[in-house]
Participant: 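Mind having a look at this structure? Questions to follow.
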Amino acid sequence: MSALSIPPPSCLLKPFVVPQRHMFGPGPSNVPPRILEAGAKPVIGHMHPEIFEIMNEIKSGIQYIFQTRNRMTFAVSGTGHAAMECAIFNTVEPGESVLAAVNGIWGERAADMAERIGAMVNTLVVPPGGYLTISEIEKALSRHRPVVFFLAHGESSTGVLHPLDGIGELCHKYNCLLLVDSVASLGGTPLYMDQQGWPMRSESIGNLQEKFSH
Ligand SMILES: Cc1ncc(COP(=O)(O)O)c(C=O)c1O
C-alpha cells in the first residue's frame, strides 16, 4: 500500500467538544436530555419489527399534538425543507394551480418549490409582519382555484403567528388541500386540526389516490 502523503488533520485527533448554549431563536433549539439519550440508543434496521412499533408510537404522538384522528398521519424522516418538498411534490402535478400566502420567506420558498415542478403558482403577498384576512384568502381561492393552498402558521422570518380559524372550511369549500407549515409553531401554540375542520374528506383522499395511481 502506498504511504499516505496527507497526514490526519490534528483537529480530528482531539476529543469532540460541543459547548452548552442557551438558544432562544426559532431554531435550532435546545434539546431536552431525555431526547438526547434516545438518540444514543442502538441503531436498528428500518425493517425490524420494533421499528414498526416505534413508528406507530410516533404516529400516535403526532396525532395527539395535532389533535387529529386522521389515519393518514406520518412523520417524514428529514428536515422541515424535506417535509415541505414531500408535501408539495406528492400533491401537485406540473401545470396545476398552487396558491401560496407570502408574508415572509417561507411562503416564498414554498412558491419556489412548486414552481420548480412546473406548477402554475400564484402568491398572495402581504408585507413582512402582516397577515391575510379570511376574505382575502377566499377571494384568491375563488380566483385561482388551486389544488393546494400553502400557509406558514409560524412565519419564523418575521415572528408572525398566522390565524388559522376558518381556513380549513374555506379550503373544503373550494376543494383545495391546505398545507400548513408549523415547523416554528407546533408545540408552542395550540394547533387542533380536527377542531379547525382540516381533515381531508374521503372524496379528497379518493381524488389524490386516483391522481397518483398512474
Ligand atoms: C417556518 C419554517 N418552515 C420551514 C423551516 C425549514 O426547516 P429546516 O431548517 O428543518 O429545513 C423552518 C426553519 O427554520 C421554519 O422556521
Side-chain angles (χ1 to χ4, degrees), residues 18-19 21-36 38-40 46 54-55 58-59 61-68 70 72-92 98-117 119 121-134 136-137 140 146-168 170-171 176-193 196 198 200:
V18 178
R21 295 266 190 266
H22 289 292
M23 292 184 279
F24 298 108
S29 46
N30 292 110
V31 181
R34 196 167 68 90
I35 310 286
L36 292 176
H46 63 286
I54 292 169
M55 293 310 283
I58 291 173
K59 176 174 170 169
I62 301 174
Q63 287 172 329
Y64 170 68
I65 197 161
F66 281 101
Q67 285 294 290
T68 182
N70 192 336
M72 233 171 115
T73 302
F74 55 91
V76 173
S77 163
T79 60
H81 280 92
M84 287 169 80
E85 282 200 354
C86 173
I88 294 171
F89 285 29
N90 283 288
T91 52
V92 180
V98 169
L99 180 66
V102 177
N103 63 340
I105 67 161
W106 297 104
E108 283 172 6
R109 189 135 322 160
D112 282 352
M113 287 177 184
E115 252 160 31
R116 257 181 268 138
I117 56 162
V121 180
N122 288 287
T123 49
L124 249 178
V125 185
V126 279
Y131 72 98
L132 290 154
T133 62
I134 281 283
E136 285 168 329
I137 295 172
V147 293
V148 168
F149 172 50
F150 172 92
L151 179 76
H153 184 213
E155 180 40 85
S156 55
S157 65
T158 61
V160 170
L161 183 73
H162 202 289
L164 293 174
D165 287 344
I167 300 180
L170 260 191
C171 287
C176 145
L177 295 169
L178 173 57
L179 175 54
V180 173
D181 175 346
S182 61
V183 167
S185 56
L186 188 66
T189 188
L191 217 172
Y192 299 159
M193 287 183 69
Q196 282 163 332
W198 291 11
M200 275 203 272

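Quick note: residue numbers are just sequence positions, from 1. In this text the structure is predicted, and so the values were computed from the model without any measurement. Counting starts at 1 for both ligands and their atoms, following the listed order.
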Participant: Please tell me if the side chains of Leu186 and Phe66 come closer than 4.5 Å, counting only heavy atoms from C-beta onward.
Facilitator: yes

Participant: Can you tell if the side chain of Leu170 reaches within under 4.5 Å of the side chain of Phe149, non-hydrogen atoms only?
Facilitator: no

Participant: Report all N/O contacts between ligand 1 and the protein shorter than 3.5 Å as a table of atom names and distances to 0.1 Å; if there are none, say 'none'.
Facilitator:
{"unit_1": "ligand 1", "atom_1": "3 (N)", "unit_2": "Asp181", "atom_2": "OD1", "d": "3.2"}
{"unit_1": "ligand 1", "atom_1": "3 (N)", "unit_2": "Asp181", "atom_2": "OD2", "d": "2.5"}
{"unit_1": "ligand 1", "atom_1": "10 (O)", "unit_2": "Gly80", "atom_2": "N", "d": "2.8"}
{"unit_1": "ligand 1", "atom_1": "11 (O)", "unit_2": "Gly80", "atom_2": "N", "d": "3.3"}
{"unit_1": "ligand 1", "atom_1": "11 (O)", "unit_2": "His81", "atom_2": "N", "d": "2.9"}
{"unit_1": "ligand 1", "atom_1": "11 (O)", "unit_2": "His81", "atom_2": "ND1", "d": "2.6"}
{"unit_1": "ligand 1", "atom_1": "16 (O)", "unit_2": "Ser156", "atom_2": "OG", "d": "2.5"}

Participant: What I'd like to find out is whether the side chain of Val126 reaches to under 4.5 Å of the side chain of Tyr131, using heavy atoms alone.
Facilitator: no

Participant: Is a side-chain donor-acceptor pair under 3.5 Å present for Asp165 with Gln196?
Facilitator: yes

Participant: Considering only heavy atoms from C-beta outward, does the side chain of Met84 approach that of Trp106 to under 4.5 Å?
Facilitator: yes

Participant: How about His162 and Leu151: do any of their side-chain heavy atoms sit closer than 4.5 Å?
Facilitator: yes

